[in-house]
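Heads up, the thing below is written out as structure tokens.
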Amino acid sequence: MEKLYQYLPEELVTFILVTVFSLLIGLSLRRISLKREGETTLFGTDRTFTFIGILGYLLYILDPTDYRLFMGGGAVLGLLLALNYYVKQAQFHVFGVTTIVIALITYCIAPIVATQPSWFYVIVIVTVLLFTELKHKFTELAQKHTFTELAQRMKNDEMITLAKFLAISGIILPMLPDDNLIPGINLTPYSIWLATVVVSGISYLSYLLKRYVFRESGILVSGIVGGLYSSTATISVLARKSRKVSAQEAPEYVAAMLLAVSMMFLRFLILIGIFSVGALTAIYPYLLIMSAVAAGTAWFLHSRWKRPAMSETVDEDEDGSNPLEFKVALIFAVLFVVFTIATHYTLIYAGEGGLTLLSFVSGFSDITPFILNLLQGTGNVPVSLITACSMQAIVSNIAVNMCYALFFSGKKSPLRSWVLRGFGCVIAANVFLLLFFYFL
């Protein structure tokens, strides 16, 4: 986080962080209060806690030497909180002080962000969000001992999910060393976890879009949003669900799968742009064309077969899994290390031809670690080779996804012919584009 100060004013970064953290705390308290029927004792709203954090920052920077304004503001806030507690106790017979303590912590966020390292203030926010979210569940367990109800509510633990992302990005990442693990190989704990954080961030954004913005969406939108997270997972889910549909609905499912493939190209554009601008400059025309071909094929299938709008959506339990599970991050990190070492020694003993073969082989697993370790300069791979290997890995992965679609849809599925046609057109176009790149 401290590296942002090299590009942006320190005051701006601190203000944004204080505002965002205060808003998150306020939203967490607000969500918990809405769960409690008849709750009228919360100190303000989410905006109130946001303004508390901003007020603390303003008073802190206006008197950075003696902190008299900051302490005076804290005293006024403490008085207001005391009055709020008195009213709760007298009229509603509520004696908890959790909200009061959290409001005081929110007020203190500004000096913590301004004076402490990023891992420390992030861990403070994570702790507050976790215990705020878990408070209601602890109360339920103590009063009802109902595990069924607890299991139902656990699906709403978005603050815990957010805390996980803050933990892996703001706590673990800054504490990792940036020294090579193996002499001669550009592989450090920091680079491994940085790649994990970036991919997890994109996956988490897709997860939020699918779960809240497009929760009631149709099959096509499910394919679009799911492709941002994992085209393979999305295609597998759609293929399994297609076993229950009629032959008339089959093209719609294949169109959704191809839209997931189209979004995969855009996802790699974002990742490549983050890690290597030079590689992005060389590869973006090809990835955009590949994405357009997949989207165009999907649109042709969708527009050719007119039918009533489908109300069916992809089951949240089946396709809305949390992308921030520790085992997912661990698997990605292990694959990143494996492909980094494999790429290094392939270049040494087999040269560029061996790396070309490895790019096709990587398509049988998650190709993201393979492409990211190329982008981070493993073995000083030239940009032209990075472009070629990335395109080859993607084409190989599309072919594997087609096999997944055929396998999970079943032997007698009406999807099979449409999968072969749709994916076949996309693969053929991508192979032609790859040959054009080589002969250009």
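All residue numbers in this chain count up from 1 along the given sequence. Quick caveat, the model's predicted, so the values are computed rather than measured.
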What one should report as the nearest heavy-atom pair of A405 and I235 is CB-CG2, 3.8 Å

Looking at R267 and G227, would you say the former's side chain and the latter's main chain have a donor-acceptor pair under 3.5 Å?
yes

Between L17, I125, V122, V124, which is the residue that forms a side-chain contact (heavy atoms from CB on, under 4.5 Å) with V113?
L17

Nearest heavy-atom contact between S409 and R416 is OG-CG, 4.2 Å

With no hydrogens and no angle check, is any side-chain donor or acceptor of S242 less than 3.5 Å from a backbone partner on A239?
yes

F437 atom CZ, neighbour heavy-atom count above 12 within 6.0 Å:
yes

Where is the tightest heavy-atom contact between V261 and A294, given as atom of each residue plus distance?
CG1-CB, 4.3 Å

Closest non-hydrogen atoms of L433 and Y286, given as atom of the first, atom of the second and distance, are CD2-O, 3.5 Å

Report yes if some heavy atom in the side chain of S413 is under 4.5 Å from a heavy atom in the side chain of L406; otherwise report no.
no

Enter the distance from N397:CG to S359:OG here, rounded to the nearest 0.5 Å.
12.0 Å

Using side-chain heavy atoms (C-beta onward) and a distance below 4.5 Å, is I367 in contact with F268?
yes

Output for pair (S276 OG, I386 CD1), nearest 0.5 Å, gives 5.5 Å

Holding to side-chain hydrogen bond (donor to acceptor under 3.5 Å, both in side chains), I want the full list of residues that pass it with Y349, two or more places apart in sequence or in another chain.
none

More than 12 heavy atoms of other groups within 6.0 Å of F408 CZ
yes

I need the minimum non-hydrogen distance between L355 and C389, along with the two atoms involved.
CG-SG, 3.8 Å

Between OG on residue S22 and CZ on residue R47, distance to nearest 0.5 Å
15.0 Å

Any heavy-atom pair between the side chains of Y284 and L280 that's under 4.5 Å?
yes

Y57 and P111, any side-chain heavy atoms less than 4.5 Å apart:
no

Side chains of F49 and T99: closer than 4.5 Å at any heavy-atom pair?
yes

When you compare the side chain of M290 with that of M391, does any pair of heavy atoms fall below 4.5 Å?
yes

Indicate yes or no: at least one non-hydrogen side-chain atom of F265 is less than 4.5 angstrom from one of I394.
yes

Separation of T234 OG1 from M263 CE (nearest 0.5 Å):
10.5 Å

Determine whether more than 12 heavy atoms belonging to other residues, nucleotides or ligands lie under 6.0 Å from atom CZ of F15.
no

With a 4.5 Å limit on heavy-atom distance, are the side chains of F432 and V293 in contact?
no

Taking all non-hydrogen atoms of both residues into account, name the closest pair between S390 and I371 and its distance.
OG-CG2, 3.8 Å

